[in-house]
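Data first, discussion second: the structure below is written as structure tokens.
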Amino acid sequence: VNHVTVRNIYWRGIYASSAGGSFTIAENTVENVQGNPGYSIAIFNWQGSGYFTNNKVDNATDGIVSNWSTGTVYSGNTVTNSGSGIHTDNNGGAGGNADIIQNNLVKNSTADGWGIWVFAPYLPVLVKDNTILNVDVGLSADAEWSPEIITFSGNTVDGQNKAGSYGVYFTTSTFWWGSTNLL
């Protein structure tokens, strides 16, 4: 999927539900995907591997997301005015390769917004050379199912004096599923 504009969607703007397949989602613009608080996602990968490259997301509940990824590279994307910028959940739980999140820009989150975060990976996710501006939680590592390492390298976080903001947040919480190690 490339060079597509998607606006005013309730549930998913662009959705790659490839269950072991691959995808490339590049050079798209997705705006106003926020009909279902906590569940609407502008660009979403479920169980596949591929590339999110040079996409622009604005006004979304969740920006660019993978769940149960088998290896996804996020690069050159811009997410603005959204509740959550970029995150990967359960990477490698179904096998594959580690996700790489690099050279992205996330700025101006909604209230209690998150920039770039990694949730419960099974493989060593790399988060490098990203810029996060004016969000409540810049970078976050949320639990790990195995003793792999989440690496944050070369990222810039500037909360721009946003009240109550965090630069980097680590937690053992898996939200609704209890807690686990964070190594």
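Residue numbers start at 1 and run along the sequence shown. Predicted, not measured: the structure shown is a model, and the values here were computed from it.
Residues meeting the ring pair (Phe, Tyr, Trp, His ring centres under 6.0 Å) test with Tyr74, sequence neighbours left out: Phe52. Residues satisfying the salt bridge (charged side-chain N to carboxylate O under 4.0 Å, His left out) test with Lys107, not counting sequence neighbours, are none. For the ring pair (Phe, Tyr, Trp, His ring centres under 6.0 Å) test, no residue two or more places apart in sequence or in another chain qualifies with Tyr51.
For the pair Asn97 and Ser49, the minimum side-chain heavy-atom distance is 4.5 Å or more. The closest side-chain heavy-atom distance from Thr61 to Asn36 is not below 4.5 Å.
Between Ser66 atom OG and Ile86 atom CD1 the span is 10.0 Å, to the nearest 0.5 Å. With rounding to the nearest 0.5 angstrom, the CG atom of Asn81 is 5.0 Å from the CG atom of Asn59. Atom CD1 of Ile116 sits about 11.0 Å away from atom CD of Gln102, to the nearest 0.5 Å. Considering CD of Gln47 and OG of Ser69, their distance stands at 10.0 Å, rounded to 0.5 Å. Between the CH2 atom in Trp114 and the CZ atom in Phe119 there is a gap of 10.0 Å [rounded to 0.5 Å]. Note that the CD1 atom of Ile43 and the CG atom of Asn28 stand 6.0 Å from one another [nearest 0.5 Å].
Considering Ile64, Thr88, Thr72 in turn, Thr88 is the only one that fulfils the side-chain contact (heavy atoms from CB on, under 4.5 Å) rule with Ile101. Screening Asn54, Asn2, Thr53 against Glu27 for a side chain to side chain donor-acceptor pair (under 3.5 Å) leaves a single residue, Asn54. Checked against Leu105 for a side-chain contact (heavy atoms from CB on, under 4.5 Å), the options Thr80, Leu133, Ile132 give a single hit: Leu133.
Between the side chains of Asn134 and Asn108, a donor-acceptor pair is found at a separation under 3.5 Å. Using modelled atom types, one finds no donor on one side chain facing an acceptor on the other under 3.5 Å when comparing Asn103 with Ser75. For Asn77 and Asn104, the side-chain atoms include at least one donor-acceptor pair closer than 3.5 Å.
The aromatic rings of Trp46 and Phe44 sit tilted, their planes meeting at an angle between 30° and 60°.
With a 6.0 Å radius and a threshold of 12 heavy atoms from other residues, nucleotides or ligands, Lys56 has its NZ atom at or below the threshold. Around the OH atom of Tyr15, the shell of radius 6.0 Å holds more than 12 heavy atoms that belong to other residues, nucleotides or ligands.
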Original post:
Can you check side-chain contact (heavy atoms from CB on, under 4.5 Å) on Phe23 and Asn45, steps first, answer last?
Top reply: CA-CA 9 Å; Phe23 65 89; Asn45 161 39; 3.3 Å; yes

